[in-house]
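Scroll down for the structure; my scribbles are underneath it.
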Amino acid sequence: MPLLGVNIDHVATLRQARRCDYPDPVSAALICEKAGADSIVAHLREDRRHINDNDVVRLRKELSIRFNLEMSLAPGIVDIACRLKPVQATLVPERRQEITTEGGLDVVAQARRLKASCARMQDKGTAISLFIDPEQEQIDKTLELGIGIIEFHTGAYALAPTKAARDRELKKLTAMTAYARKFGLEVNVGHGLHYQNTRAVALIKGIHELNIGHAIISYAIDTGLFQAVKDMLALARVNGV
Ligand code: PXP
């Protein structure tokens, strides 16, 4: 049965829309933990558009479940990770202009840079995962670097415009999971998974963990808004109007 990692970035997105101190992504992470999540993912971006330095320090301190720091290879961020020593770090490509992480890391092109940064973090006891597209050459290069964990970017599957295209992407994820498992890699998946498209991916044999963020935080609004209005009405109608 696959594990579930919850990405809490978008709780911080809502906080940053007002630059105030709520909603608190760390409180949200503790709710996820209480609900049975196996890990918490937070992406400390270079532009700090949602999660900030204080959040990751608090997550590291307050969580009992695994904290998976999502991060780029930017030297400043690698320095922070080396000080923070998260249980796990997932390395992703990052572009300032992008709305979200648009594709996997090019492990082939970045091998040398990856090797040096990963070694620094591994020395501090952090397990390294590489966020890659489900492609054989990326898996082969990951193996060559001696890294034991990968996460497949499921964006192409999630955004496939037709059923035929979706089935093709699912087939690719299934085949590449089997290939990676053959060499003992831990295989995780994430990006764009939601309440309608997750089941098929969860059924792929060999998947270790699903990392899901946007859909869960969105669903929390859908399911929690009714009570939020009720509670505010109870405060607002002080004169029994
Ligand atoms: N895993 C990784 C490596 C990601 O970059 C993201 C997006 O931040 C996710 C999982 C979660 O994606 P989503 O928010 O679309 O569920």
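Everything quoted here is computed from the prediction, not taken from an experiment. This chain uses plain numbering: 1 for the first residue, then up along the sequence.
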May I ask you to decide if [Y]'s main-chain N or O and [X]'s side chain share a donor-acceptor pair within less than 3.5 Å?
| X | Y | answer |
| --- | --- | --- |
| Thr126 | Pro86 | yes |
| Ser27 | Pro23 | no |
| Thr198 | His194 | yes |
| Asp9 | His43 | yes |

How far does [atom1] of [X] sit from [atom2] of [Y], to the nearest 0.5 angstrom?
| X | Y | atom1 | atom2 | value |
| --- | --- | --- | --- | --- |
| Leu170 | Thr154 | CG | OG1 | 10.5 Å |
| Ser39 | Leu4 | OG | CG | 7.5 Å |
| Arg58 | Asn52 | CZ | CG | 9.0 Å |

Which heavy atom of [X] sits nearest a heavy atom of [Y], and at what distance?
| X | Y | answer |
| --- | --- | --- |
| His50 | Arg15 | O-NH2, 3.1 Å |
| Leu193 | Ala215 | O-CB, 3.4 Å |
| Val78 | Arg120 | CG1-NH1, 3.6 Å |

Co-members of Val92 in a cluster of I, L, V, M, F, W and Y side chains, linked at under 4.5 Å: Phe131
Partner set under salt bridge (charged side-chain N to carboxylate O under 4.0 Å, His left out) for Glu144, not counting sequence neighbours: Lys141
